[in-house]
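The shown structure was predicted, so the numbers you read here are calculated from the model rather than taken from an experiment.
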Amino acid sequence: MTPEDQEETQPLLGPLGGSAPRGRRVFLAAFAAALGPLSFGFALGYSSPAIPSLRRAAPPAPHLDEDAASWFGAIVTLGAAAGGVLGGWLVDRAGRKLSLLLCSMPFVTGFTVITAAQNLWMLLGGRLLTGLACGIASLVAPVYISEIACPEVRGLLGSCVQLMVVTGILLAYLAGWVLEWRWLAVLGCVPPSFMLLLMCFMPETPRFLLSQHKRQEAMAAMQFLWGSGQGWEEPPIGAEHQGFHMAQLWRPGIYKPFIIGISLMAFQQLSGINAVMFYAETIFEEAKFKDSSLASVVVGLIQVLFTATAALIMDRAGRRLLLTLSGVVMAFSTSAFGAYFKLTEGGPSNSSHVDLPAHLSMGPADTNTGLAWLAVGSMCLFIAGFAVGWGPIPWLLMSEIFPLPVKGVATGVCVLTNWFMAFLVTKEFSSLMEVLRPYGAFWLASAFSFFGVLFTLACVPETKGKTLEQITAHFEGR
């Protein structure tokens with residue numbers, strides 16, 4: 001080995017002596033990257049207030065019927081699935097920082113197209129573009145944050161990705177009370193524009209720079225982020241340029257994280273989170289809330305509060321414990337949700353169509369009102385449980401468990417799985433309720449939450465307090 005090789009593979013990233021870095025700019029860099037998930041959350045939440053506003057709109061503004069409204073809400077998930085694939089390619093070739101800068105463009109362009117929309121196709125095109133940006137941001141932001149954070153705060157900073165998503169959703173709900181759909185789209189341009197501005201002043205991640213053999217730039221990035229370029233080590237990185245090859249799937253360090261990452265994303269969506277969110281306003285109406293649109297804000301506040309709680313305790317409680325507790329709470333609450341539908345079920349019907357609002361209205365009014373509070377309590381408990389564990393942790397683990405050479409491809413597959421499952425559940429849940437009845441559909445979601453708990457206990461390792469290199473070594477059996 002030549003002196004140059006020794007310098008190239010000299011350890012650089014990873015705390016020695018258990019001491020955490022004292023730099024504060026790492027928090028600024030994490031905030032700048034997390035503006036991507038904030039934009040992503042705003043794009044997701046945009047449809048909830050925009051659809052009623054578009055239905056009230058007078059010509060020549062575009063008008064949404066029932067089917068168009070369904071696609072207006074769901075098409076963003078198809079764009080995000082494509083964005084996950086594109087993001088996986090970009091993050092390895094363009095780098096983490098440039099990928100975040102690039103994803104601001106479809107966010108701003110998409111919301112601009114929506115603002116100028118004169119017909120349904122412009123609305124759907126704008127939503128598709130914002131969905132594409134959502135997919136890129138949902139992949140790149142967790143990777144960027146995990147690679148700049150030290151183990152002592154990686155759980156806190158990584159959980160802020162989901163915190164910013166739910167904050168963006170809540171912001172869209174609140175702004176929708178006072179802004180009509182065009183001005184709401186204008187507001188949607190603000191977070192990605194701010195991210196573009198801030199990220200210009202943030203460094204690339206040291207790990208990516210090392211993978212490109214840019215040692216001096218990596219040292220400068222560490223100096224900026226952590227306040228010191230000394231006393232940090234990383235194992236040799238001579239193989240980082242290899243990239244992903246199918247033959248690598250036979251290695252335990254590759255296929256084990258693949259299985260865990262894809263399974264966590266699938267269980268997250270199969271838990272029924274989108275179905276519960278979709279019927280939130282109907283449930284609040286049955287509980288005799290004077291303004292059922294308040295349901296969206298209540299749900300958003302619960303998400304923000306408990307996601308923030310999860311972020312604060314993530315590095316103390318650990319990922320496995322929070323996933324397990326979260327899954328148990330979700331399984332219990334969706335079981336209670338299903339029991340509510342079973343108790344309010346009317347007599348036999350020959351119709352194969354399930355009209356949920358009519359289904360909820362069967363039976364004496366006082367009885368339904370009392371039982372509706374069971375549904376409200378179950379729904380709030382479910383959302384709180386989801387926010388503490390299965391909301392943020394699959395994204396956090398996705399950014400932690402994959403080795404650097406395959407991170408782009410592997411995280412791309414995970415994001416594609418998540419968004420495809422989100423689209424599938426959103427579009428097919430009504431059909432599932434026709435076959436299984438509403439109570440059966442939610443009991444099935446409860447079963448998936450329980451299987452998620454079993455999977456966590458059997459397969460998911462604890463990553464709390466470990467460097468990314470130690471996590472990789474765990475899967476390799478080293």
Pair R319-T463, side-chain donor/acceptor within less than 3.5 Å: yes

Contacts of W419 meeting side chain to side chain donor-acceptor pair (under 3.5 Å) (sequence neighbours excluded), chain-then-number -> S138

Is any side-chain heavy atom of K97 closer than 4.5 Å to one of L100? no

In the structure I gave you, are the side-chain heavy atoms of M421 and L270 within less than 4.5 Å of one another anywhere? yes

Residue list, side-chain contact (heavy atoms from CB on, under 4.5 Å) with L179, at least two apart or on another chain: A175, W183, L184, L187

Just do the side chain to side chain contact (heavy atoms under 4.5 Å, CB included) check on T130 and F40 with the steps written out, would you? CA-CA 8 Å; T130 57; F40 153 29; over 6 Å; no

Hey, can you pull the donor-acceptor pairs under 3.5 Å for the side chains in residues 410-417, sequence neighbours left out?
{"residue": "T411", "atom": "OG1", "partner": "K407", "partner atom": "O", "Å": "2.5"}
{"residue": "T411", "atom": "OG1", "partner": "G408", "partner atom": "O", "Å": "3.2"}
{"residue": "T417", "atom": "OG1", "partner": "V413", "partner atom": "O", "Å": "2.8"}

Which atom of Y173 lies closest to which atom of G45, heavy atoms considered: CE2-O, 3.8 Å

Can you list the residues that meet the side chain to side chain donor-acceptor pair (under 3.5 Å) rule with Q269, with sequence neighbours excluded? N274, N418

Can you confirm whether W390 sits close enough to S271 that some side-chain heavy atom of one is under 4.5 Å from a side-chain heavy atom of the other? no

Please confirm whether the backbone N or O of A117 pairs with a side-chain atom of R182, one donor and one acceptor, at under 3.5 Å? yes

Side-chain touch L264/L323, heavy atoms, less than 4.5 angstrom: yes

Roughly how far apart are L432 CG and R437 CZ, rounded to 0.5 Å? 12.0 Å

Set of side-chain contact (heavy atoms from CB on, under 4.5 Å) partners for A317, sequence neighbours left out: L321, L322

Under the side chain to side chain contact (heavy atoms under 4.5 Å, CB included) rule, what do I136 and L86 come out as? Steps first, then yes or no, please. CA-CA 7 Å; I136 298 172; L86 178 60; 3.8 Å; yes

Do any pairs count as a ring pair (Phe, Tyr, Trp, His ring centres under 6.0 Å) and have a residue in residues 96-146, sequence neighbours left out, and if so which ones? F42-F111, Y46-F111

Under the salt bridge (Lys or Arg N to Asp or Glu O under 4.0 Å) test, residues paired with R55 that sit two or more places apart: E66

Residues passing the side chain to side chain donor-acceptor pair (under 3.5 Å) test with R154, sequence neighbours excluded, are E400

Which residues pass the side-chain contact (heavy atoms from CB on, under 4.5 Å) test with F31, not counting sequence neighbours? L35, M164, F194, L198

Testing the basics here: between S399 and L468, what is the closest heavy-atom pair and its distance to 0.1 Å? O-CD2, 4.5 Å

Looking only at heavy atoms, the pair that brings P203 and A221 closest together is CB-CB, 3.9 Å

Donor-acceptor list for residues 445-455 side chains, cut-off 3.5 Å, not counting sequence neighbours:
{"residue": "S446", "atom": "OG", "partner": "A331", "partner atom": "O", "Å": "2.7"}
{"residue": "S446", "atom": "OG", "partner": "S335", "partner atom": "OG", "Å": "2.7"}
{"residue": "S449", "atom": "OG", "partner": "A445", "partner atom": "O", "Å": "3.3"}

Tell me the closest heavy-atom pair linking A30 and I148, and the distance in Å. N-CD1, 3.9 Å

side-chain hydrogen bond (donor to acceptor under 3.5 Å, both in side chains) partners of residues 100-112, not counting sequence neighbours, each pair once: none

Within a reach of under 6.0 Å around CE of M105, are more than 12 heavy atoms found that belong to other residues, nucleotides or ligands? no

Hey, could you give me the CD1/CZ distance between I273 and F386, rounded to the nearest 0.5 Å? 4.5 Å

All heavy atoms of P461 vs all of I260, minimum pair found to be CD-CD1, 3.8 Å

Rounding to 0.5 Å, atoms CZ (F420) and CG (L78) come to a distance of 9.5 Å

Starting at OG of S47, measure out to CD1 of I169 and round the result to the nearest 0.5 Å. 9.5 Å

Close side-chain approach of L128 and V76, heavy atoms under 4.5 Å: no

So CG of L129 and CG of L124: to nearest 0.5 Å the spacing works out to 11.5 Å

Are the side chains of L28 and M202 in contact, using a 4.5 Å heavy-atom criterion? yes

Please tell me if the side chains of L301 and L170 come closer than 4.5 Å, counting only heavy atoms from C-beta onward. yes

Angle class for the F337/Y340 ring planes (parallel below 30°, perpendicular above 60°, tilted otherwise)? parallel

S53 (side chain) donor-acceptor with P49 (main chain) under 3.5 angstrom: no

Within 45 degrees of the axis of the six-membered ring of F72 and under 6.0 Å from its centre: does R127 put its NZ or CZ there? yes

Stepwise, does the side chain to side chain contact (heavy atoms under 4.5 Å, CB included) test hold for M314 with I393? CA-CA 9 Å; M314 187 70 67; I393 294 177; 3.5 Å; yes

Indicate the atoms forming the closest heavy-atom contact of V91 with F208, along with that distance. O-CE1, 3.9 Å

With side chains defined as the heavy atoms from C-beta onward, is the minimum distance between V108 and S193 less than 4.5 Å? yes

Hey, could you give me the CZ/CE distance between F442 and M379, rounded to the nearest 0.5 Å? 10.5 Å

Assess whether side chain to side chain contact (heavy atoms under 4.5 Å, CB included) is satisfied between C103 and M195, documenting all intermediate values. CA-CA 10 Å; C103 87; M195 177 182 71; 3.7 Å; yes

Once side-chain hydrogen bond (donor to acceptor under 3.5 Å, both in side chains) is applied, what residue pairs with a partner in residues 74-96 remain, sequence neighbours excluded? R96-E147

